[in-house]
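Shown next, in C-alpha cells, is the structure this report addresses.
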Amino acid sequence: MFNIVIFGAPGSGKGTQSDFLVKKYNLIHLSTGDLLRAEIAAGSELGKLADGLIAKGEFVPDNLIIDLLANAIDKNSGASGFIFDGFPRTVVQAGALDEMLTKRGMQVDIMLNIAVDNNELVARLLNRGKTSGRSDDNLEIIQQRLRTYEEKTMPVIAYYDKQGKNTPIQGMGTMDEVLARITNAVDKVKK
Ligand code: C5P
Ligand code: MG
C-alpha cells in the first residue's frame, strides 16, 4: 500500500497530476472537492451546506469533511493506495487523517507539496473558470481561496515537515515537467 497527500494552493495542479499518478501507480484518487461537488449534485444535506460555503471560498467544517473522507476510504477497502487531494486543508484535518489511517493499518507515505507562483495560480484558475462551471473560479473568490490557503492550509506544511514527509515540488512549467519531478520524488520513497 502506498498513500500520497497531494498538496498545494488552488490551481497548483493537484487534480491534473493526480490523474496521471492514478494510472502510473494504480491508486484511488480521493478529492474532497470532487466528493463535495458530488454531494451537491446529489442534493444531500451535506451538499446543500457545501454549496453555499464553496461559492464563498470557505471551508466545510472539519468534522463533516473528515467523515466524508473516512466513508470514501471505506468504500475502497481493496485499494492498493490512495491519493488524498484537497485534504488535509487544516492542521486539524491533518491530525484526523493520521488517526483514520492508523486505525485502518495505513499511513501517509509522502506529501507532495506543489509550489506555484500566485500570479500563475490566478491565471490558471481564471482560465479554468471559462469552462469549469465552478461557482468559485472567479476573481473575487479565487483571491479569497488564496488568502484562506495561506492562513489555514499552509500551516499543514509544518505538520508534515515534522514527520519528514514534506516533499517540495516545483510546480511551474508544463504538466510533463511537473509530472517528471513528482514521479522522481515518489520513486525515491516507494519500494
Ligand atoms: O479542492 P477543491 O479546490 O476542489 O475544493 C473546492 C472547495 O471545496 C474549497 O474551496 C472549499 O470550499 C471546499 N473544501 C472544503 N474542505 C476541503 C476541501 C474542499 O471545504 N477539505
Ligand atoms: Mg482539484
Side-chain angles (χ1 to χ4, degrees), residues 3-22 27-42 44-73 82-101 108 111-116 118 120-157 159-160 169 171 175 178-179 182:
N3 298 304
I4 296 173
V5 167
I6 195 158
F7 184 92
S12 58
K14 302 185 294 295
T16 303
Q17 294 298 332
S18 293
D19 290 342
F20 294 123
L21 298 174
V22 157
L27 304 171
I28 300 279
H29 180 208
L30 293 183
S31 156
T32 41
D34 290 349
L35 292 170
L36 289 173
R37 286 182 286 272
E39 293 290 324
I40 294 171
S44 69
E45 284 306 310
L46 175 60
K48 284 175 197 153
L49 174 73
D51 201 9
L53 292 170
I54 288 176
K56 288 186 280 182
E58 291 173 13
F59 288 165
V60 172
D62 285 327
N63 62 325
L64 297 178
I65 199 93
I66 288 163
D67 285 352
L68 181 72
L69 185 69
N71 284 329
I73 291 174
F82 293 94
I83 304 178
F84 301 106
D85 165 3
F87 188 101
R89 271 290 214 285
T90 63
V91 172
V92 169
Q93 290 177 20
L97 180 61
D98 274 344
E99 197 180 310
M100 75 174 87
L101 293 182
V108 171
M111 182 259 210
L112 300 167
N113 177 7
I114 308 176
V116 172
N118 257 36
E120 170 74 8
L121 294 171
V122 173
R124 287 186 190 178
L125 291 168
L126 284 175
N127 192 49
R128 185 174 80 184
K130 290 177 195 163
T131 54
S132 69
R134 279 179 54 161
S135 60
D136 54 352
D137 283 342
N138 61 77
L139 188 58
E140 186 194 340
I141 303 302
I142 289 167
Q143 284 167 341
Q144 172 59 40
R145 287 157 71 200
L146 293 176
R147 275 196 298 274
T148 307
Y149 173 77
E150 282 174 22
E151 285 166 24
K152 296 197 176 153
T153 307
M154 281 189 56
V156 171
I157 297 171
Y159 181 94
Y160 286 104
I169 302 287
M175 286 187 282
V178 178
L179 179 63
I182 288 177

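Numbering of ligands and ligand atoms starts at 1, following listing order.
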Criterion salt bridge (charged side-chain N to carboxylate O under 4.0 Å, His left out) on D137 and R145, from CA distance to verdict: CA-CA 10 Å; D137 283 342; R145 287 157 71 200; 3.1 Å; yes
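- Residue L36 touches ligand 1 through its side chain alone, judged by heavy-atom distances below 4.0 Å.
- Looking at ligand 1, you won't find any N or O of G33 less than 3.5 Å from one of its N or O atoms.
- Between the side chains of D98 and Y159, a donor-acceptor pair is found at a separation under 3.5 Å.
- Which parts of ligand 1 touch R37 is read off a 4.0 Å heavy-atom cut-off, strictly below it: atoms 4 (O), 6 (C).
- What sits closest to atom 5 (O) of ligand 1 on the protein, heavy atoms only, is R89 NH2, 3.1 Å.
- One finds the CG atom of L30 at 10.5 Å from the CZ atom of F87 (value rounded to the nearest 0.5 Å).
- The CG atom of L69 sits 13.0 Å away from atom CG of L64, with the distance rounded to the nearest 0.5 Å.
- Numbered from 1 in the order shown, with element, the atoms of ligand 1 that lie under 4.0 Å from a heavy atom of Q93 read 21 (N).
- Looking at E58 against ligand 1, only its backbone comes within 4.0 Å, counting heavy atoms.
- Among the atoms of D85, none of the N or O lies under 3.5 angstrom from an N or O of ligand 1.
- For the pair K14 and ligand 1, no heavy-atom separation below 4.0 Å is found.
- Of the heavy atoms in V60, both backbone and side-chain atoms come closer than 4.0 Å to ligand 1.
- Closest protein heavy atom to atom 8 (O) of ligand 1: I54 CG1, 3.5 Å.
- For the pair R134 and ligand 1, a heavy-atom separation below 4.0 Å is found.
- With rounding to the nearest 0.5 Å, the separation of CG in D51 from CG in L46 is 11.0 Å.
- Remark: Q144 CD to D136 CG distance equals 11.0 Å, nearest 0.5 Å.
- Side chain of S12 to main chain of V116: no donor-acceptor pair is present (N/O by atom type, distance under 3.5 Å, no hydrogens or angles).
- Among protein heavy atoms, atom 16 (N) of ligand 1 sits closest to I65 CD1, 3.7 Å.
- To the nearest 0.5 Å, atoms CG (L126) and CG (L121) are separated by 11.0 Å.
- With ligand atoms numbered from 1 in the order given, ligand 1 contributes 17 (C), 18 (C), 21 (N) to contacts under 4.0 Å with heavy atoms of T32.
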So R147 and E150, salt bridge (charged side-chain N to carboxylate O under 4.0 Å, His left out) or not? Walk me through it. CA-CA 5 Å; R147 275 196 298 274; E150 282 174 22; over 6 Å; no
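- The protein heavy-atom contact nearest to atom 21 (N) of ligand 1 is G86 O, 3.0 Å.
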